[in-house]
Chemist: 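Starting off with a structure, shown below.
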Number of protein chains: 2
Amino acid sequence: MTRAPSSKPYHHGELREALVSAGRKLLEERGIRGFTLRECARRASVSHAAPAHHFASIDDLLAEIATRGYQELTAAMEAEARRAATPAARLVAQGVGYMAFAAAHPVLFQLMFGREANRFETPGLAAAAKSAYHLHVVAVEGVIPKAPLEVKQRMVDFAWASIHGFITLVLEGQIGDEDSPRALKARGLAMLAAMVETVVRAGGDP
Amino acid sequence: MTRAPSSKPYHHGELREALVSAGRKLLEERGIRGFTLRECARRASVSHAAPAHHFASIDDLLAEIATRGYQELTAAMEAEARRAATPAARLVAQGVGYMAFAAAHPVLFQLMFGREANRFETPGLAAAAKSAYHLHVVAVEGVIPKAPLEVKQRMVDFAWASIHGFITLVLEGQIGDEDSPRALKARGLAMLAAMVETVVRAGGDP
DNA sequence: ACCTGAACACCGTTCAAGT
DNA sequence: ACCTGAACACCGTTCAAGT
């Protein structure tokens, strides 16, 4: 069997990090139902009881993974947004970033937005989720700065719902299951275009 | 139908049905991660090995539950659609039916549209899912009958995505967590109104 | 402070044996 | 044909004991 250098230290040192990163990989491999704490411990080369010293429960580890997912989602949206020249382009770009992140980490995405996460109640999780939400608010605000507050709020709902709904249905195989990746991407962009148009129009009648 | 057995019969008689209905209740109570075959068996007053004679695996039972969910979802959408006077009203009504179903059975809805269901591959499941999808197609078709096929397809994506995305985000507590039920319903209806308007506009030329 | 090993009460699934 | 009980290999969580 493979051995660590000369002697395996009794203390891991960075077990918390190791569990998070092992857990993340495991999640994508096996799905939410296939996720187990003992397998995470195994992958971190540690006894099955060790994780308890860093996470109060399996849900605690999942919550930490979800929290980091939100941070990455936010970063992915911001990275795309930076390249956009106009407010409308930014709204689309953020949608692209959102969808690309979801497509790259489908199970993590489902964990973040699934009902299981609802029970976690870790404070950091809610905060991280909020910062991703905030990007939608800012982007819509940029497109229709002069619209009444209520209209803006409705358009945030609308923009987020259509972005989230589309990629969710794709990940679940309900949309575009027979499409090529290229065709599917085009469908997504068409969806985003229709969405932005609606937001722009809701902003005011020139 | 209810016969009072003086002694508990060795054969259950309707175990398959009993497992499905017990499973459905258990699902809503405990969530997807909390769902166990043994608890279903317990609630059906049967040994933990008995379900194996009716379902090849726990996923098989979940797939059956999901399949029936799609049938009910379709029925709920149709029931709402029947009251609609115009094609546009029908599209909205189906959206209302869709959201109401999801709100009434949040965990079942997540099971149906979650990634877990993707692995099931039961033929009946795909068929049931398709019939729900078909209703969206018909409704959009009714609103913009003369539009090019491609536009229609894009608008089906768009309509479904916004309906699905909105209610999904609500169920996950991401939208309207601090709203009253009344206010939340209004947000949903506003979303549907914006959606229909976009579809109508896509159909008729400027 | 951090980790282990044993223990406990659970799982899903299988299968010979009962009805 | 349908169901049971025992068995197996897993779980999450706890805790005294080791380092």
Side-chain angles (χ1 to χ4, degrees), chain A residues 1 3-27 29-66 111 116-117 119-122, chain B residues 3 5-27 29-66 111 116-117 119-122:
Chain A
M1 294 305 195
R3 297 269 317 222
S6 53
S7 70
K8 191 174 140 190
Y10 191 85
H11 287 74
H12 184 287
E14 294 182 1
L15 184 50
R16 187 171 224 275
E17 279 311 305
L19 288 170
V20 169
S21 98
R24 218 183 125 138
K25 244 176 269 169
L26 180 61
L27 193 64
E29 278 176 37
R30 302 250 236 272
I32 290 180
R33 273 183 76 84
F35 183 89
T36 78
L37 204 49
R38 280 169 107 117
E39 179 63 21
C40 291
R42 231 172 270 131
R43 293 185 179 201
S45 309
V46 104
S47 91
H48 59 77
H53 295 279
H54 297 90
F55 298 99
S57 72
I58 189 173
D59 280 0
D60 240 54
L61 173 52
L62 285 171
E64 177 65 29
I65 292 171
L111 172 69
E116 312 303 311
R119 311 189 175 193
F120 294 166
E121 308 220 1
T122 314
Chain B
R3 49 192 168 85
S6 51
S7 69
K8 194 175 138 191
Y10 190 84
H11 289 74
H12 184 286
E14 294 181 1
L15 183 51
R16 188 172 224 276
E17 280 310 307
L19 288 170
V20 169
S21 99
R24 218 184 125 139
K25 242 176 270 171
L26 180 60
L27 193 65
E29 279 176 37
R30 302 249 235 272
I32 290 179
R33 272 184 76 83
F35 183 88
T36 79
L37 204 51
R38 280 169 108 116
E39 179 64 22
C40 290
R42 229 171 271 131
R43 292 185 179 201
S45 309
V46 104
S47 91
H48 63 257
H53 296 278
H54 297 92
F55 298 98
S57 72
I58 190 173
D59 280 0
D60 240 54
L61 173 52
L62 285 170
E64 176 66 29
I65 291 172
L111 173 69
E116 312 303 309
R119 312 189 174 191
F120 294 164
E121 307 220 5
T122 314

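In the text below, chain A, chain B and the rest are named by the order of the sequence lines, each starting its count at 1.
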Chemist: Specify the separation, in whole Å, of atom CZ of A:Arg33 and atom C1' of D:dG12.
Modeler: 15 Å

Chemist: Does a nitrogen or oxygen in the side chain of A:Arg42 sit under 4.0 Å from OP1 or OP2 of D:dC10?
Modeler: no

Chemist: In chain order, what residues pass the salt bridge (charged side-chain N to carboxylate O under 4.0 Å, His left out) check against B:Glu64, with sequence neighbours excluded?
Modeler: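 With sequence neighbours excluded, B:Glu64 shows a salt bridge (charged side-chain N to carboxylate O under 4.0 Å, His left out) to B:Arg16, B:Arg68, given in chain and number order.
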
Chemist: By side chain to side chain contact (heavy atoms under 4.5 Å, CB included), which residues pair with B:Thr122, not counting sequence neighbours?
Modeler: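 B:Thr122: side chain to side chain contact (heavy atoms under 4.5 Å, CB included) contacts with B:Ala63, B:Phe120, B:Leu125.
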
Chemist: Looking only at the side chain of B:Arg38 (C-beta and beyond, no hydrogens), which of the listed nucleotides D:dG12, D:dA7, C:dC3 gets closest?
Modeler: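 Given the options D:dG12, D:dA7, C:dC3, the side chain of B:Arg38 is closest to D:dA7.
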
Chemist: Under 4.0 Å, counting only non-hydrogen atoms across every strand here, what does A:Ser47 touch: a base, just sugar-phosphate, or nothing?
Modeler: base

Chemist: Roughly how far apart are A:Ile32 CD1 and A:Leu26 CG, rounded to 0.5 Å?
Modeler: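 Answer rounded to 0.5 Å: 11.5 Å.
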
Chemist: For a 4.5 angstrom cut-off between non-hydrogen side-chain atoms, does B:Leu61 reach B:Phe35?
Modeler: yes

Chemist: B:Glu14 has an atom CD; how far is it from atom C1' of D:dA1, in whole Å?
Modeler: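 Answer to the nearest Å: 16 Å.
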
Chemist: Apply side chain to side chain contact (heavy atoms under 4.5 Å, CB included) to A:Ala44 and list each qualifying residue two or more places apart in sequence or on a separate chain.
Modeler: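 Expected list: A:Leu15, A:Ala18, A:Leu19.
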
Chemist: Just wondering, more than 12 heavy atoms not from A:Glu14 lying within 6.0 Å of its CD?
Modeler: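 No, CD of A:Glu14 has 12 or fewer neighbouring heavy atoms, counting only those of other groups under 6.0 Å.
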
Chemist: Within the structure provided, determine whether B:His53 and B:Val46 are in side-chain contact (heavy-atom separation under 4.5 Å).
Modeler: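 No - every pair of side-chain heavy atoms lies 4.5 Å or more apart.
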
Chemist: For B:Ile32 and C:dG12, give me the distance from atom CD1 to atom P, rounded to whole Å.
Modeler: 15 Å

Chemist: Rounded to the Å, how far apart are B:Leu19 CG and C:dT13 C1'?
Modeler: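 Going from B:Leu19 (CG) to C:dT13 (C1'), I get 15 Å.
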
Chemist: Let me know the distance between NE2 of B:His54 and C1' of D:dA1, rounded to the nearest Å.
Modeler: 9 Å

Chemist: Counting a pair only when it is Watson-Crick or G-U and both distances are under 3.5 Å, which runs of at least 3 such pairs involve DNA chain C?
Modeler: C:4-8 with D:12-16, C:12-16 with D:4-8

Chemist: How many Å lie between CD on B:Glu39 and C1' on C:dG12, as a whole number?
Modeler: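 In whole Å, C:dG12 C1' lies 14 Å from B:Glu39 CD.
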
Chemist: If you only use heavy atoms from C-beta on, which nucleotide in D:dC3, D:dG12, C:dC3 is closest to the side chain of A:Thr36?
Modeler: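 Nearest nucleotide to the side chain: D:dG12.
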
Chemist: Each nucleotide N or O in nucleotides 14-16 of chain C that has a protein N or O under 3.5 Å away: list the pair and distance.
Modeler:
none

Chemist: For B:Ala52, give me all partners under side chain to side chain contact (heavy atoms under 4.5 Å, CB included), at least two apart in sequence or on another chain.
Modeler: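 Side chain to side chain contact (heavy atoms under 4.5 Å, CB included) check on B:Ala52 returns nothing, list empty.
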
Chemist: Can you sort out the partners of A:Arg30 under salt bridge (charged side-chain N to carboxylate O under 4.0 Å, His left out), two or more places apart, ordered by chain and number?
Modeler: A:Glu39

Chemist: Which residues, if any, of residues 57-65 of chain A bring a heavy atom under 4.0 Å of DNA chain C?
Modeler: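 Per residue number, the list is empty: none.
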
Chemist: For A:Ala49, check side chain to side chain contact (heavy atoms under 4.5 Å, CB included) against everything at least two apart and list the hits.
Modeler: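 Applying side chain to side chain contact (heavy atoms under 4.5 Å, CB included) to A:Ala49 gives A:Ser47.
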
Chemist: Are A:Leu27 and A:Leu62 close enough that some pair of their side-chain heavy atoms sits under 4.5 Å apart?
Modeler: yes

